[in-house]
2 protein chains.
Amino acid sequence: MAVKIKDVAKRAGVSVTTVSRVLNGEKYVKDDLKERVNQAIADLGYSPSQIARSLVRKKTNLIGVIVPDLTSSFYSTILSSIEETASLNDYNLLVCNIIEDIDKEYKYLNVFKEMRVEGIVIMHEKINPEIRSFINALQIPVIFSSVKPADQNFISVIIDDYKAAYDATAYLIQLGHERIGFIGGDMRDVTSGQNRYTGYRNALSDHGRKVIYELIRFGDYKVQSGYQLMSELLEGFNPPTAVFAVSDDMALGAMNCIHDRGLKVPDDISVIGFDGSQLTELVRPRLTSMEQPIHEMGKLTVETIMKLIAGTYRPDGDIIMEHRLVIRDSCNAIDEQIGLPT
Amino acid sequence: MAVKIKDVAKRAGVSVTTVSRVLNGEKYVKDDLKERVNQAIADLGYSPSQIARSLVRKKTNLIGVIVPDLTSSFYSTILSSIEETASLNDYNLLVCNIIEDIDKEYKYLNVFKEMRVEGIVIMHEKINPEIRSFINALQIPVIFSSVKPADQNFISVIIDDYKAAYDATAYLIQLGHERIGFIGGDMRDVTSGQNRYTGYRNALSDHGRKVIYELIRFGDYKVQSGYQLMSELLEGFNPPTAVFAVSDDMALGAMNCIHDRGLKVPDDISVIGFDGSQLTELVRPRLTSMEQPIHEMGKLTVETIMKLIAGTYRPDGDIIMEHRLVIRDSCNAIDEQIGLPT
DNA sequence: GTGAAAGCGCTAACAA
DNA sequence: TTGTTAGCGCTTTCAC
């Protein structure tokens with residue numbers, strides 16, 4: 001890795017400036033010189049140092065990404081889309097997988113700063129004051145993808161979680177269900193915690209259902225948690241006939257729990273998920289889910305940050321994307337259900 | 001981001017050298033000076049430029065990672081482990097998600113070179129001659145994780161795929177199965193294609209079974225492919241009583257196919273997977289699988305590359321890890337199975 | 001203990 | 001068109 005621009009220049013018998021010019025595709029280089037330079041580059045196996053280049057250009061083409069959990073189907077799909085779009089724009093990704101580890105997040109935010117990334121994508125909304133002020137002090141674009149922290153200064157690419165949860169619940173109501181359970185997220189999260197919960201509650205009341213608190217549980221979006229909460233619901237005196245889980249992972253956990261107790265989805269209990277992750281098509285019965293346009297969100301996240309970096313865009317609030325109910329096989333109308341022994 | 005070491009020096013009333021010294025935790029700085037410097041750093045919100053630092057130190061603390069598919073449960077789990085270990089060693093990850101896209105891989109390899117990453121991790125084995133020679137010309141450690149390309153110059157962290165496939169098949173034989181189907185990978189892949197296939201075949205012959213070619217199919221490791229191949233097997237005149245799929249994803253596809261045809265796993269057909277991805281616990285029935293120590297492999301991959309970078313280690317061949325059969329609910333002994341209508 | 005100065009590999013005025 | 005030169009922000013001899 002020892003060959004540098006000077007070596008190329010020497011070998012081609014030109015100045016470093018000329019080499020730099022052909023490297024950067026400038027015109028004003030005569031064809032024969034250009035050829036000699038290219039030849040020298042090939043001979044030497046030269047590859048310009050992005051480090052040196054970044055230093056002088058003050059441009060790193062780096063985006064930092066903070067993912068809560070790489071192994072989650074939802075996040076890995078967004079990340080995949082983010083990577084794809086970034087690559088198309090000649091940007092590279094520095095990824096950090098924080099696993100509920102605030103210290104690690106803080107450490108990485110510092111790394112991002114030191115690495116002079118040009119933009120940061122964050123995919124969780126548990127932002128504490130320290131992190132908040134750190135981010136605000138950063139003079140680079142930060143964008144939240146699929147989540148929205150409470151602080152209004154931040155910009156998010158997101159769906160209308162309230163409305164989506166409302167619609168999911170309304171769908172269950174429309175199928176005739178009265179006892180609709182709720183497997184929720186973390187109420188400290190505005191987007192995926194509070195908004196989805198409120199959507200659920202309002203859908204119930206707007207349709208003349210009363211909110212049954214025994215049927216409401218909160219967890220952490222993961223399969224395991226959905227399993228656990230579902231088992232609590234099943235142990236109740238009068239279980240729900242349908243359940244709305246605020247993530248597909250939790251929905252899967254719920255389905256597994258139902259299955260393991262010898263019951264059937266959707267014959268005994270209907271389950272609707274949230275996210276539209278790949279899981280929905282992979283499980284049996286296939287999971288009906290309120291879908292986020294995951295791929296589009298990743299794409300738009302990067303495209304927006306590109307504009308922010310270029311300075312060609314002044315955000316006037318969040319970017320709201322459309323949610324979409326995708327009906328598969330995990331929900332029955334109430335009169336098709338066998339009903340549980342009470 | 002305008003504040004630099006000079007500004008800190010000025011504010012603290014010292015030289016840049018002194019600032020650099022406290023930044024790097026050197027001794028030989030009097031406490032009062034150190035304090036003044038730290039104060040200035042805090043006041044200014046200074047953060048040293050990793051770019052400039054890398055340039056002079058010739059050290060980037062960057063590892064490039066090439067993943068075939070971020071959304072796969074197996075790869076995202078390895079990646080997660082790689083990220084964790086790298087972070088522990090103060091290394092950052094530049095990730096590239098190639099999706100069967102050789103051009104993209106080539107482009108990224110160039111990016112890695114230009115970014116002066118200190119090591120590269122590759123997780124697929126479809127290395128063409130161009131890529132091969134590019135890698136060989138690179139004067140930095142390259143390590144393959146979970147795969148082994150044909151070229152003996154490369155070093156891999158890997159299990160004994162032949163033996164693992166042999167053992168998986170032997171397990172099915174031990175359960176009394178005669179007609180054991182094979183849902184294989186890409187025969188151009190040495191590790192996951194050829195070795196697993198040979199393991200399957202040899203296990204059969206060693207145990208006095210003959211190889212039934214109608215029961216053998218090859219695909220691409222994905223769920224969809226497993227589904228497709230299983231459906232071909234089911235359409236045969238005399239379907240298998242058990243199937244060995246060379247990835248958990250394919251095994252899931254096979255299970256889904258069986259399910260969708262109104263048959264049951266393991267009552268009608270036993271299914272064994274390969275990898276030990278999270279999926280195994282998430283599906284019903286839970287999938288019996290020949291597991292790779294995924295987390296350990298990711299960890300060891302990074303630890304090895306760290307040693308390679310430090311120059312404290314001369315590899316004498318691949319690093320072979322232990323595979324392990326984990327029995328769950330997807331395989332029955334033949335006499336417990338109902339048997340298919342032939 | 002501390003500082004001045006050289007230089008990491010490149011780009012970008014500015015000259016020629 | 002091409003080349004000379006001054007930095008980009010930092011670390012690191014080397015001198016004091």
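Just so it is clear: chains get the letters A, B, ... in the order the sequence lines come, proteins before strands, and each one is counted from 1. All of these numbers come straight from a predicted model, not from anything done at the bench.
In this structure, A:Asp7 atom CG and C:dC10 atom C1' are separated by 13 Å, rounded to whole Å. Protein atom CG of B:Leu23 is 12 Å distant from nucleotide atom P of D:dT12, rounded to whole Å. As rounded to whole Å, 16 Å separates atom P of C:dG9 from atom CD1 of A:Ile41. Rounded to whole Å, the distance from CG on B:Leu55 to P on C:dG9 is 7 Å. Here the P atom of nucleotide D:dG9 and the OH atom of B:Tyr46 are 10 Å apart, to the nearest Å. Taking atom CD1 of A:Ile5 as the reference point, atom P of C:dC8 lies 14 Å away to the nearest angstrom. If you measure from atom CD of A:Gln50 to atom C1' of C:dC10, you get 10 Å, rounded to the nearest angstrom. For the pair B:Met115 CE and C:dG9 C1', the interatomic distance rounds to 15 Å; values are reported in whole Å.
Listed pair A:Tyr28 / C:dA12 fails the phosphate criterion, with no side-chain N or O lying under 4.0 Å from OP1 or OP2. Between A:Ser20 and C:dT11 there is a side-chain polar atom (N or O) within less than 4.0 angstrom of OP1 or OP2. Between A:Ser15 and D:dG3 there is a side-chain N or O to OP1 or OP2 distance below 4.0 Å. For D:dG9, the OP1/OP2 oxygens have a side-chain nitrogen or oxygen of A:Lys58 closer than 4.0 Å. At the phosphate of C:dT2, neither OP1 nor OP2 sits under 4.0 Å from any side-chain N or O atom of B:Thr18. Look at A:Thr17 and you won't find any side-chain N or O under 4.0 angstrom from OP1 or OP2 of D:dT2.
B:Val22 is not listed as a side-chain neighbour of B:Arg36, based on a closest heavy-atom distance of 4.5 Å or more. The shortest side-chain heavy-atom distance between A:Leu62 and B:Met115 falls under the 4.5 Å cut-off.
Nearest to the side chain of A:Ala52, among C:dC8, C:dT11, C:dG9, sits C:dG9.
Side-chain to base pairing of A:Arg21 with D:dG3: one donor and one acceptor N or O lie within less than 3.5 Å of each other.
Where B:Arg57 and B:Val29 each meet DNA chain C at their nearest nucleotide, the meeting point lying more 5' is that of B:Val29.
Side chains of B:Asn97 and A:Ser80: a donor on one and an acceptor on the other come within 3.5 Å.
Counting non-hydrogen atoms under 4.0 angstrom, B:Ile51 reaches nothing in the nucleic acid.
To the nearest 0.5 Å, the span separating CD1 on A:Ile5 from OG on A:Ser49 amounts to 10.5 Å.
Nearest heavy-atom pair, A:Ile158 versus A:Val147, reported as atom, atom and distance to 0.1 Å: CD1-C, 3.7 Å.
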